[in-house]
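The chains referred to below are lettered A, B, ... by the order of the sequence lines, with proteins before strands, and numbering in each begins at 1. The model shown is predicted, which means the values in this text are computed figures rather than measured ones.
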Amino acid sequence: MNLHLELKNGTLTAALSGDIDHHAAGRLREEIDRTAEKVRPHTLRLDFSGVPFMDSSGVGLILGRVRLLSMWQGKVTVCGLSPQLRRMAELSGVGATAKLEDEERKKVEL
Amino acid sequence: MKNVVNRMDLQFPSLSVNEGFARGAVSSFLLGLDPLVNDLADLKTAVSEAVTNAVVHGYRDTVGTVYMSAKIFSDGSVSVKIRDKGCGIADVEKAMEPLFTTGGEERAGLGFAVMQTFCDRVKVVSAPGKGTAVTLYKRLSQKRDGE
Ligand SMILES: Nc1ncnc2c1ncn2[C@@H]1O[C@H](COP(=O)(O)OP(=O)(O)OP(=O)(O)O)[C@@H](O)[C@H]1O
Ligand SMILES: [Mg+2]
């Protein structure tokens with residue numbers, strides 16, 4: 001499990017890679033939150049391009065960050081979901097309330 | 001009558017690092033069936049949910065043993081049973097409702113919903129103080145030539 005964080009024009013991008021399960025989610029959460037709470041970005045962009053597998057812990061990770069960002073009216077954007085990951089997101093309602101902006105980039109607005 | 005043509009039994013401590021091991025083991029075991037990638041991915045996800053529940057909820061404040069057994073039947077269907085001797089579930093029906101969780105902020109309450117969506121059938125047997133057994137049933141489509 002790897003995480004790459006980058007801040008640009010007030011958007012914090014978290015590029016995730018590797019399987020996201022309960023084991024991996026804990027560390028990801030801590031590292032993302034530590035930076036997010038410090039810089040308070042208006043947008044947190046979660047990039048799942050490098051994630052081959054995720055279970056409901058990944059959904060929990062997304063929803064938890066939506067909650068965190070809402071503390072300063074920030075929003076969360078999700079992109080790079082594979083078809084399998086997207087099924088998981090849709091099942092959760094994360095995707096149902098969200099607009100799939102662009103099929104190619106599989107971007108979900110939250 | 002369908003017969004069991006192959007089986008695999010595993011036990012491991014309820015450490016979160018074993019969540020990946022468990023779904024990988026099931027996946028390796030079933031690879032000989034030459035299943036469709038999506039079917040196998042669905043089952044892997046369901047296994048991950050059940051094992052995580054044993055780790056997170058069943059053995060909430062302790063480390064216990066998780067038992068997993070997978071069977072391949074003569075009709076090509078498979079079952080995977082994941083069992084813990086942890087705290088058990090008082091109201092299984094309620095626990096299986098989507099979004100129900102006792103896990104706090106970081107849990108979505110989706111584990112059972114995922115298992116039910118990604119498998120053909122899910123059986124849950126649980127008793128408070130005794131533990132929980134979750135059995136996942138799924139028919140795996142075989143890859144055809146050229147797929
Ligand atoms: N093996 C188990 N032992 C004890 N309680 C369990 C077990 N599995 C599930 N539960 C109970 O059932 C509830 C629902 O489980 P489910 O997997 O659907 O959601 P979750 O684990 O809370 O969240 P998520 O799976 O989305 O991370 C849990 O919160 C827990 O109370
Ligand atoms: Mg769960």
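Residues A/Val66 and A/Met54 share a hydrophobic cluster, clusters being chains of Ile/Leu/Val/Met/Phe/Trp/Tyr side chains in contact below 4.5 Å. Clustering ILVMFWY residues whenever any of their side-chain heavy atoms sit less than 4.5 angstrom apart, transitively, puts B/Phe21 in the very cluster that holds B/Val80. Both B/Met96 and B/Met115 sit in one connected hydrophobic cluster of ILVMFWY residues. Membership requires side-chain heavy atoms under 4.5 Å apart, directly or through other members. Residue A/Leu5 is grouped with residue A/Leu46 when hydrophobic side chains (ILVMFWY) are merged at heavy-atom distances under 4.5 angstrom, including chains of intermediate members. Cluster membership for B/Val66 and B/Ile89, using ILVMFWY side-chain heavy atoms within less than 4.5 angstrom, is shared.
B/Val55 touches chain A through its side chain: at least one heavy atom from C-beta onward sits under 4.5 Å away, while N, CA, C and O do not. For B/Ser48, the parts sitting under 4.5 Å from any heavy atom of chain A are the backbone and the side chain alike.
The candidate from B/Asn38, B/Val17, B/Leu99, B/Thr52 with the greatest count of non-hydrogen atom pairs under 4.5 Å with chain A is B/Val17.
The heavy-atom pair separating A/Ser56 from B/Ala108 by the smallest distance is O-CB, 4.4 Å. The shortest heavy-atom contact between A/Met88 and B/Phe118 is CE-CE2, 4.1 Å.
More than 12 non-hydrogen atoms from other residues, nucleotides or ligands lie less than 6.0 angstrom from CG of B/Asp9.
In this structure, B/Glu19 and A/Asp55 have side chains that are not in contact, with every pair of non-hydrogen atoms separated by 4.5 Å or more.
Distance check: B/Glu49 CD to A/Asp21 CG gives 10.0 Å after rounding to the nearest 0.5 Å. One distance of note links OG1 of B/Thr45 with CG of A/Leu91; it measures 10.5 Å at 0.5 Å rounding.
B/Glu106 places no side-chain N or O within donor-acceptor distance of the main-chain N or O of A/Gly64, the cut-off being under 3.5 Å.
Listed in order of number, the residues of residues 24-44 of chain A that approach chain B to under 4.5 Å between heavy atoms are A/Arg29.
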Do A/Gln84 and B/Asp42 pass the side-chain contact (heavy atoms from CB on, under 4.5 Å) test, and can you show the C-alpha distance, the side-chain angles, and the key distance before you say yes or no?
CA-CA 8 Å; A/Gln84 185 76 19; B/Asp42 284 359; 2.8 Å; yes

